[in-house]
Amino acid sequence: MFSRVETLKKRADFLRAARARHTATPGFVLQMRQRTDTAGPVRIGFTCSKKVGNAVARNRAKRRLRALAREVLAEHGRPGCDYVLIGRLEKTATLPFDRMLEDLHAALRKLHGTSA
RNA sequence: GCGGAAGGUCGGAUGACCGCUGCGCCGGGGCGACCCGGCGGGGAGGAAAGUCCGGACUCCGGAAAUCAACGGUGCCGGGUAACGCCCGGGCGAGGUAACUCGACGGAAAGCGCCACAGAAAUGAAACCACCGCGCCCCGGCGCGGCAAGGGUGAAACGGUGGGGUAAGAGCCCACCGCGCCGGUGGCAACACCGGCGGCAUGGCAAGCCCCACCGGGAGCAAUGCCAAAUAGGGACCGCGCGUCGCAAGACAGGGCCGUUUUCGCCCGAGCAGGUCCGGGUUGGCAGCUAGAGCCCCCCUGGCAACAGCGGGGCAAGAGGAAUGGUCAUCGAACCGGCAGCAGUGCCGGGGAACAGAAUCCGGCUUACAGACCUUCCGCGCAC
RNA sequence: CGGAGCGUGGCGCAGCCUGGUAGCGCACCUGUUUUGGGUACAGGGGGUCGGAGGUUCGAAUCCUCUCGCUCCGA
């Protein structure tokens, strides 16, 4: 791991990422924003609205998204980028983990390819 | 065996790999705050929920008593830090029973309301009917008596039976109900017994209210500190220019919870006291987890809730918010098939309810697939 | 996390405190007026009062529980 991974905490950062590039898969929505400091750390945020369910369902969805990000974005994340993973109703908690890993790789290829 | 009642416990399990977090230790780096790595042992619930009550704690302007307003509680006694909670008792209701349920003070302190229907909805009164007398066209009318019967309504001024009467009526009597007085038992709610009154007193207090008791307000996003940044601002309010003294200070005087009183504190010639606006910061640390703590056992007191002594055990502290992710095995409910009179057994599928700590405790309420334990009641059968 | 408030026809609101009739505006339907439409006038339909339980003879209204939504506080 050559770049540190930080957690996104500010509401303003989430709003900026929401206006940037995004792509959707059955299990989640991925947003990506290239910051001005291109050598900075990779930053990741997680969002689950009340639409996902009650507190138990929201926490479980966020934990699965965090596990996905730890496996993929730590190595394939681009420095100086903010990523936001958004949970979806039912699917985020129930889809097979391998399928979501593939989807995340595909989503990263799509966003990196178009923004390069 | 079937059906039921009460109380309690648990609420998926095991393993592997990869992670998060705070605590302790070790090593390294840094002047330091701290950062990195390794190891060890912790890491969601019975409701963590709803936020419906009661506290602890903190601030508001310090405390006690009192009155008023407002809010709450409401049979009696006890338990508790406290409670609207718990335990025991009383009364009422339901059930064959075990047992369960009850916002369960006062309607002769006062005000208000009781739609429609009905003669009349609480001062009493009288539509039909009943009875007596009078009159006539023999069916009614007039006067008087009466309130038992009819009809209306959720509710009609005690109920049943007998006597009585022109017809009736607590008009009289017995029993029941109600009220009052006395006695006995009980701390009390209340119960029982005796006597008296002839009955006056409809319902609603989850309408106002009366009585008794309780409560100052706001809340951990409280509050305190540090750093950074902006400003060194503006407006208003409070009291004021007293006496003695060289001064410190003291005394007048003033201020401090809605009222009053007592004490206490503050000001007392600038105090730089308070409030608001404007501007800045949306960082860090503390509060922050050991306290009326929970559980188990023995003993003592108590019917019990509970209290006391002793012993043992357990106790997460996050902060865009950790307590997990993936895989494998085992697996309850449920579904299907086969066997059996049945309890059930075997095979296959299936893959776990409600739900996530946010300052902390004591309760209540609500949600919940199922599994297990103890005690008790009724019925049936056998002895 | 803590604290306030609101749920009534399709939409926006009264009525609730002080219990017996659910009302107003826009919208909708029908008719008249017009060559037709709009406008105007007349008439009409449509509401489990968020849900459950209780108090009462009777609940949109009073009480308790519950569901959903909105706002405020460092």
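The sequence lines fix the lettering, A, B, ..., with proteins before strands; numbering per chain opens at 1.
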Colleague: Please give, in whole Å, the distance from B:G320 P to A:Asn59 CG?
Modeller: 14 Å
Colleague: Taking only the C1' atom of each, what is the distance from B:C59 to B:G43 in whole angstrom?
Modeller: 34 Å
Colleague: For A:Leu65 and B:C20, give me the distance from atom CG to atom P, rounded to whole Å.
Modeller: 17 Å
Colleague: Does B:C330 pair with anything, Watson-Crick or G-U wobble, both distances under 3.5 Å, and if so, with which nucleotide?
Modeller: B:G12
Colleague: On a whole-Å scale, what distance lies between the P atoms belonging to B:G324 and B:G42?
Modeller: 15 Å
Colleague: Where does B:G123 fall, syn or anti, if syn means a chi angle no more than 90° from 0?
Modeller: syn
Colleague: Is the base of C:U70 syn or anti, where syn means the angle lies within 90° of 0?
Modeller: anti
Colleague: In whole angstrom, what separates A:Leu104's CG from B:G325's P?
Modeller: 18 Å
Colleague: Mind checking the C1' distance from B:G345 to B:C2? Whole angstroms is fine.
Modeller: 23 Å
Colleague: If C:C41 has a Watson-Crick or G-U wobble mate with both distances under 3.5 Å, name it; if not, just say none.
Modeller: C:G31
Colleague: Mind checking the P distance from B:A231 to B:U281? Whole angstroms is fine.
Modeller: 11 Å
Colleague: Would you call A:Pro26 and A:Arg99 a side-chain contact if the rule is heavy atoms closer than 4.5 Å?
Modeller: yes
Colleague: Using the purine O4'-C1'-N9-C4 or pyrimidine O4'-C1'-N1-C2 torsion, is B:G46 syn (within 90° of 0) or anti?
Modeller: syn
Colleague: What nucleotide among B:G320, B:G356, B:U326 has an atom nearest to a side-chain atom of A:Phe97?
Modeller: B:U326
Colleague: Please determine which of A:Gln31, A:Arg33, A:Gln34 meets the side-chain hydrogen bond (donor to acceptor under 3.5 Å, both in side chains) test together with A:Asp82.
Modeller: A:Arg33
Colleague: To the nearest 0.5 Å, how far apart are NE2 in A:His76 and NE2 in A:His112?
Modeller: 10.0 Å
Colleague: Just so I know, are the side chains of A:Thr25 and A:Leu30 near enough to count as touching, which here means a heavy-atom distance under 4.5 Å?
Modeller: no
Colleague: With rounding to the nearest 0.5 Å, note down the distance linking CG in A:Asn54 to CG in A:Asn59.
Modeller: 9.0 Å
Colleague: Can you measure A:Arg43 atom CZ to B:G320 atom C1' for me and round it to whole angstrom units?
Modeller: 13 Å
Colleague: State whether A:Arg64 places a side-chain N or O below 4.0 Å from either non-bridging phosphate oxygen (OP1 or OP2) of B:U326.
Modeller: yes
Colleague: Is there a Watson-Crick or G-U wobble partner for B:A305 with both distances under 3.5 Å, and if so, which one is it?
Modeller: none
Colleague: Is any side-chain heavy atom of A:Phe28 closer than 4.5 Å to a side-chain heavy atom of A:Leu68?
Modeller: yes
Colleague: Taking N or O atoms only and anything under 3.5 Å, show me the protein contacts with nucleotides 15-19 of chain B, one pair per line.
Modeller:
unit_1, atom_1, unit_2, atom_2, d
B:C18, O2', A:Arg70, NH1, 3.1
B:G19, O2', A:Arg70, NE, 3.2

Colleague: With rounding to the closest Å, how many angstrom separate the P atoms on B:A205 and C:C17?
Modeller: 16 Å
Colleague: When the distance from CG of A:Asn54 to P of B:C368 is rounded to whole Å, what number comes out?
Modeller: 15 Å
Colleague: With both distances under 3.5 angstrom, what nucleotide forms a Watson-Crick or G-U wobble pair with B:C208?
Modeller: B:G110
Colleague: If pairing requires Watson-Crick or G-U wobble contacts with both distances under 3.5 Å, which nucleotide is the partner of C:G12?
Modeller: C:C24
Colleague: With a 4.5 Å cut-off on side-chain heavy atoms, are A:Leu73 and A:Leu108 touching?
Modeller: yes
Colleague: Got a second to check how far A:Leu85's CG is from A:Lys62's NZ, nearest 0.5 Å?
Modeller: 12.5 Å
Colleague: Expressed in angstrom and rounded to an integer, what is the separation of A:Lys62 atom NZ from B:G325 atom P?
Modeller: 14 Å
Colleague: Identify, between A:Val56 and A:Ala67, the residue whose nearest nucleotide on RNA chain B lies closer to the 5' end.
Modeller: A:Ala67
Colleague: Rounded at 0.5 Å granularity, tell me how far OH in A:Tyr83 sits from CG in A:Leu104.
Modeller: 9.5 Å
Colleague: Whole Å only: how far is the CZ atom of A:Arg58 from the P atom of B:A322?
Modeller: 12 Å
Colleague: How far does the C1' atom of B:C23 sit from the matching atom of B:A56, given to the nearest Å?
Modeller: 27 Å
Colleague: For B:A44, does the glycosidic angle fall within 90° of 0 (syn) or outside that (anti)?
Modeller: syn
Colleague: Is the distance from OP1 or OP2 of B:A321 to the nearest side-chain N or O of A:Arg66 less than 4.0 Å?
Modeller: yes
Colleague: If we call it a pair only when both distances are under 3.5 Å in a Watson-Crick or G-U wobble match, what pairs with B:A235?
Modeller: B:U275
Colleague: Return the nucleotide paired to B:G1: Watson-Crick means purine N1 to pyrimidine N3 with N6-O4 or O6-N4, wobble means G-U with N1-O2 and O6-N3, both under 3.5 Å.
Modeller: B:C379
Colleague: When rounded to the nearest 0.5 angstrom, what is the spacing between CZ in A:Arg64 and NZ in A:Lys91?
Modeller: 13.0 Å
Colleague: When we call it a touch if two heavy atoms are under 4.0 Å apart, what does A:Arg63 touch: a base, just sugar-phosphate, or nothing?
Modeller: base
Colleague: With P as the reference atom in both, quote the distance from B:C220 to B:A352 in angstrom, rounded to an integer.
Modeller: 39 Å
Colleague: Between B:C263 and B:C251, how far is it from one P atom to the other, in whole Å?
Modeller: 14 Å
Colleague: Write down the distance between CG (A:Leu85) and C1' (B:G325), rounded to a whole number of angstrom.
Modeller: 15 Å
Colleague: OP1, OP2 of B:G325 versus side-chain N and O of A:Arg60: anything below 4.0 Å?
Modeller: yes
Colleague: If pairing requires Watson-Crick or G-U wobble contacts with both distances under 3.5 Å, which nucleotide is the partner of C:A4?
Modeller: C:U70
Colleague: Quick one: classify the glycosidic conformation of B:A154 as syn or anti, with syn meaning within 90° of 0.
Modeller: anti
Colleague: Go nucleotide by nucleotide along RNA chain B from the 5' end; which of A:Thr47 and A:Asp98 gets its closest nucleotide reached first?
Modeller: A:Thr47
